[in-house]
Amino acid sequence: MSAQTDTQGPVTTVYKVTGMSCGHCEGSVSGEISQIPGVSSVKAVAATGEVTVVSAAPLDDDAVRAAVDEAGYELAGKA
């Protein structure tokens, strides 16, 4: 049985990231996550710690965690 579904279109996922406190933080996190293949949009909000990612398919959590780590912050999980 295939794990794929018939659903077409972008996938939106909201992640919680700790340690962001300003616009520079938002830019760092957004820049790293946007380099993950399939990502079409990233919006980070330091005030809430939420990062909204739009991608062609569900992203591998380890890839997102690695990107957030590279930016110098910590992925707390999905919101």
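The basis for the numbers below is simple: all heavy atoms, side chains too, and nothing from hydrogens, waters or symmetry mates. In this chain, numbering begins with 1 at the start of the sequence shown.
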Inset, instruction - Drop me the distance from Gln35's CD to Ser30's OG, to the nearest 0.5 angstrom. - result: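 Rounded to the nearest 0.5 Å, the CD-OG separation comes to 11.5 Å.
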Legend entry - Cys25 side chain reached by Ser28 side chain, heavy atoms, under 4.5 Å: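 When only atoms from C-beta onward are counted, Cys25 and Ser28 do not touch, as no gap falls below 4.5 Å.
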Legend entry - Pairwise salt bridge (Lys or Arg N to Asp or Glu O under 4.0 Å) hits with a residue in residues 30-57, at least two apart: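 As it turns out, there is no salt bridge (Lys or Arg N to Asp or Glu O under 4.0 Å) pair with a partner in residues 30-57 once direct neighbours are skipped.
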Inset, instruction - Write out all pairs satisfying salt bridge (Lys or Arg N to Asp or Glu O under 4.0 Å) with one or both partners inside residues 58-71, taking only residues at least two apart or from two chains. - result: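 Listed by first then second residue: Asp61-Lys78.
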Legend entry - Glu26 (side chain) donor-acceptor with Ala46 (main chain) under 3.5 angstrom: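 Checked: pair present.
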Inset, instruction - Not counting sequence neighbours, which residues clear side-chain contact (heavy atoms from CB on, under 4.5 Å) with Ala66? List them please. - result: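 So Ala66 forms no side-chain contact (heavy atoms from CB on, under 4.5 Å) with any residue.
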Legend entry - Co-members of the apolar cluster containing Ile36 [side chain, <4.5 Å]: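 Once heavy-atom contacts under 4.5 Å are chained together, Ile36 belongs with Tyr15, Val17, Met20, Val29, Ile33, Val39, Val42, Val51, Val53, Leu59, Val64, Val68, Tyr73, Leu75.
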Inset, instruction - Kindly give the cluster partners of Val54, where membership spreads through any ILVMFWY side chain lying under 4.5 Å from a current member. - result: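 Under the 4.5 Å side-chain rule, Val54 groups with nothing.
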Inset, instruction - List the atom of Ala57, the atom of Ser55, and the distance in Å for their closest heavy-atom pair. - result: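 So the two residues come closest at O-OG, 2.7 Å.
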